[in-house]
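Side chains are part of it too, since the values below use all heavy atoms of this structure and drop only hydrogens, waters and symmetry mates. No experiment lies behind these values; they were computed from the predicted model shown. Note that ligands are numbered from 1 as they come in the structure, with each ligand's atoms numbered from 1 the same way.
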Amino acid sequence: MESKWLMRVLFTLFLLEGLWCQGCWDEERTALLQLKPFFTKSWHLMRNWERGEQNSDCCQWEGVECNSATGRVITLNLNYSSFEEFDGYWHSPHSLMELENVYLNASLFLPFVELKSLHLAEYGIAGCIEHEGFERLSKLRNLEILDLRFLKLSKRLSNLEILNLQGNFFNNSILSYLSEHLSLKYLNLAYNNLQASNCVEEILNLCYNILTNNFILSSLSELSSLKVLYLTRDEFEASSLADGLCELTHLLELDVGSNYLGGALPSCLANLTSLKSLSLDSNNFSGDIALSPLNKLTSLHHLSISDNHFQIPISFRPFFNHSKLKHIYAKNNEFYVDANTESLEPTFQLNTLVLSGYGDCGGIPNFLHSQHDLEHLDLSHLNLTGEFPIWLLENNTRLHTLLLANNSLSGPIGFPSHFDHMNLEVLDISKNFFEGHIQMEIKTSLPSLRNLNISRNSLTGSISPSIGDMKLYYLDLSRNSLTGSIPPSIGDMKLYHLDLSHNNLSGGIPDELTTGCSSLSVLVLSNNNLQGQIFSEKFSLFQLEELQLDGNHFSGSIPKGLSNCSYLSSIDFSNNNLSGKIPSWMGNLSYLREIIMPNNGLEGPIPIDFCQLQSLEILDLSNNNISGSLPACFKPMEINHVHLSKNRLEGSLITQFCNSFSLITLDLSDNQLSGNIPDCINMLGELSYLILKNNNLTGEIPIQLCKLQKLSLIDLSQNHLSGYIPSCLNITTFDEASKVDPSTAQAVAQPPGGPISTDEPVYFTTKSVSYSYKGKLLTYMSGIDFSCNKLTGEIPNEIGHLNKIHVLNLSHNFLVGQIPTTFSNIEQIESLDLSYNNLSGKIPPQLVQLHYLSIFSVAYNNLSGTTPARVKQFATFNENCYQGNPLLCGEPMRSCSAASPPPLIQGGPTQGREDDGSIDMGVFYVSLAVSYIMVLMTIAAVLYINPYWRRAWFYYTEMCFISCYYFMVDRLPKQFH
Ligand SMILES: *[C@@H]1O[C@H](CO)[C@@H](O)[C@H](O)[C@H]1NC(C)=O
Ligand SMILES: *[C@@H]1O[C@H](CO)[C@@H](O)[C@H](O)[C@H]1NC(C)=O
Ligand SMILES: *[C@@H]1O[C@H](CO)[C@@H](O)[C@H](O)[C@H]1NC(C)=O
């Protein structure tokens, strides 16, 4: 409720903008500028809070409202939440940052002598400067509304009629304190720790308290004259709504949003016939709205049922008699097409209609033809079909927001040419099938448009230069098929957010963009054909927070201009042709969270200045030419993902990352790192992907790795590691691990609003091919690769208990002992390679139970006995998988009934091939011919009979020549002699 009211205030502010032409008072302007630093989080709002000619009239500043007669400030809206309300459009990742602690000087508000309404909600202000607390506000004789939700408030205020104390830690004792405020007409005690209260006659706001169901039962029915009741976020459980509530028949306003209420609405709700405003948002209510008691509540003016499981007919017919309805919020419910053919007209004229949700709803609902007063219309995610509804714009000239995202609308985008749509500010028609060129009459028919999103359609042609005549703040044309270059005129707009990614744009970034759009905070040009230097010398995008230029052909070095972008938090330059060194000034950009620049030609060391980047979460410099060692002081505490593979890093892997407790990915493969794997690795409790392949690491595999509960991929292959394989290793899938702790899974698998995160690929070799794993796929991948080291000892039985792993590669080591029978438990395994070791004993016949195994090798060991039965997957493994084990027999090797085993090959198993240097060439040719015929005939027969083997044929042919050769060397000569 509260926030919607605030939203209206904000909208009003925007509508009225431009009507106050008188300048504001000097002392008030000065005071506002003094306040600005306390509200850094709202700097988007305060962009135009500047001194200087252009912005001298502070009454025009956002969040400020003046008395039009006196020019004095009467409203100051610095609510943090009011920006988020704006459909998420021109607020940026920056504003999602944690609440900061700010110590306010409340005296700074004293110059606003006519101030009536002050909103500082959600500012997490830690307190006030001593003697300059909110008690000073009592000097403001006109103050009527003070909204301090989530503020800590210590001293009393007088003369207030409306007191909003949400988000404090008051308990019942506050009530006696408040009794001094006898003039209160409205009391808001939301977000406190109240247990019960009946001190208020007409309006009771108990949001965000922990109220029990008992409280409701015992107290509410006594308050029979209650007119307004807010019970938002009180943790009510299912079906307690009916009790008590239905007796409050005088209720005008009821808000039970964000509780755990569920099931169908209680039918007695129909008794609350006076209700004007009802909010049931964010519960688990279900049932068909057409059959619910809401039908009877014909006095309703405002209805919020968003985020439930209601079924709602898209015709909206059940509400046609609700003549007073103005505002309907029903997003995230299920919509259906009802087969009612009566031609009825609704009796309401709506102002706000939010019907986004899911469903397959056919055309745009008919009743909208009769609506003329709509200001906010959201019909997203309904799979609506048809053309762009020009008529909606023609008939609703007050429309301010039109959201039609994620439907199946098609055809060209058109606008009424004979209307000036003075009010439309937000238009989102993304994710449809619109095609053709962008119509430039947008600018004449929608002169107030500020937010335009046409991403994910099929637009073609180039971006017209006249786009610069619009006054957009937010422009998203990504994922279309736009061609041509970026028009320089784009720099004429005061853009905050520009996304042209995933098109076929060519040319460079025009200077006009980098000098003109000085407010730009998000610039996304990824995946086009852009080229040249990234930015020229002329550069004034000092407000940039997010810069994504990946997947283009940019060359040259990292532009110096960025060193002045002190808010920069994310850069993605991957897959370009950048060269030169990584500049040391990057270390001064203290908000940097994501540095993503793989697949370029960057060189030189990682600057020591990077040690200052304490907010860094992702560092990806893989596949460049980075040399030197990691700076010893580089200890980013917040880092989640480090990708430095395929560079020339050297030096030892000291303890850099040991304090990075949230590290999930550490990929340092294909470098020249040396030394041990540090013992402190056990500190990295979140580590899931440890890829140290192809370095010069020495020493043992540290037992501390066993402490890592979330490890899902570990690749230590191609190093010089020695010693035993730890038996206590704990490998799971990321997916599985995150079930343990859903909070991190959420944060990592789908970063909220964050663009990149696990999208950075990890390369891992499975089935003999190095695949890149990223995103969701990576979270299912799990495996161990210790191949090509100097490991000794036996394979621990416990490895067989890691039943989630997909890949196990222990090849090319000096392992001895038997293959553990427990391996048959590794049900998910797809690739098992134990070749080139000194393993002995039998191959456990139980291995045939491994249904997903597609790569298997035990070649070049000292295994004996019979090969596993040729059934299931094992029917596809040819003798390559077994060769180099002289004592092994059975299909597809020599048959076990043959008299004597061949003599032992001397030397280690790894030398198997080199030993066969000299052979009689005559014997070779004869045997080749004979075996060729034999093989052909056998294969023909086998393929005819067995479909498994038919598939196996493709593996077989691949290796045919080599295997035939060994086959004969081993067997045929003996049979001939
Ligand atoms: C409320 O509605 C129920 C039926 O839904 C009815 O039995 C009851 O008498 C009503 N109570 C009042 C006070 O009107
Ligand atoms: C959306 O509507 C189109 C056309 O009516 C239909 O072919 C398609 O299956 C629908 N998609 C979904 C997800 O319902
Ligand atoms: C616009 O409104 C008029 C007047 O109610 C109505 O007759 C007409 O059908 C509407 N236009 C469209 C295209 O719905």
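Salt-bridge check for K331 with D378: failed, with every basic side-chain N at 4.0 Å or more from each acidic carboxylate O. Between E686 and K710 there is a salt bridge, since a side-chain N of the basic residue sits under 4.0 Å from a carboxylate O of the acidic one.
For atom 5 (O) of ligand 2, the closest heavy atom belonging to the protein is T385 CG2, 3.9 Å. Protein heavy atom closest to atom 6 (C) of ligand 2, with residue, atom name and distance, is N383 ND2, 4.2 Å.
Of the protein's heavy atoms, none falls inside 4.0 Å of atom 9 (O) of ligand 2.
For D338 and S315, the side-chain atoms include at least one donor-acceptor pair closer than 3.5 Å. Side-chain atoms of S304 and S306 form no donor-acceptor pair, as typed in the model, at a separation below 3.5 Å.
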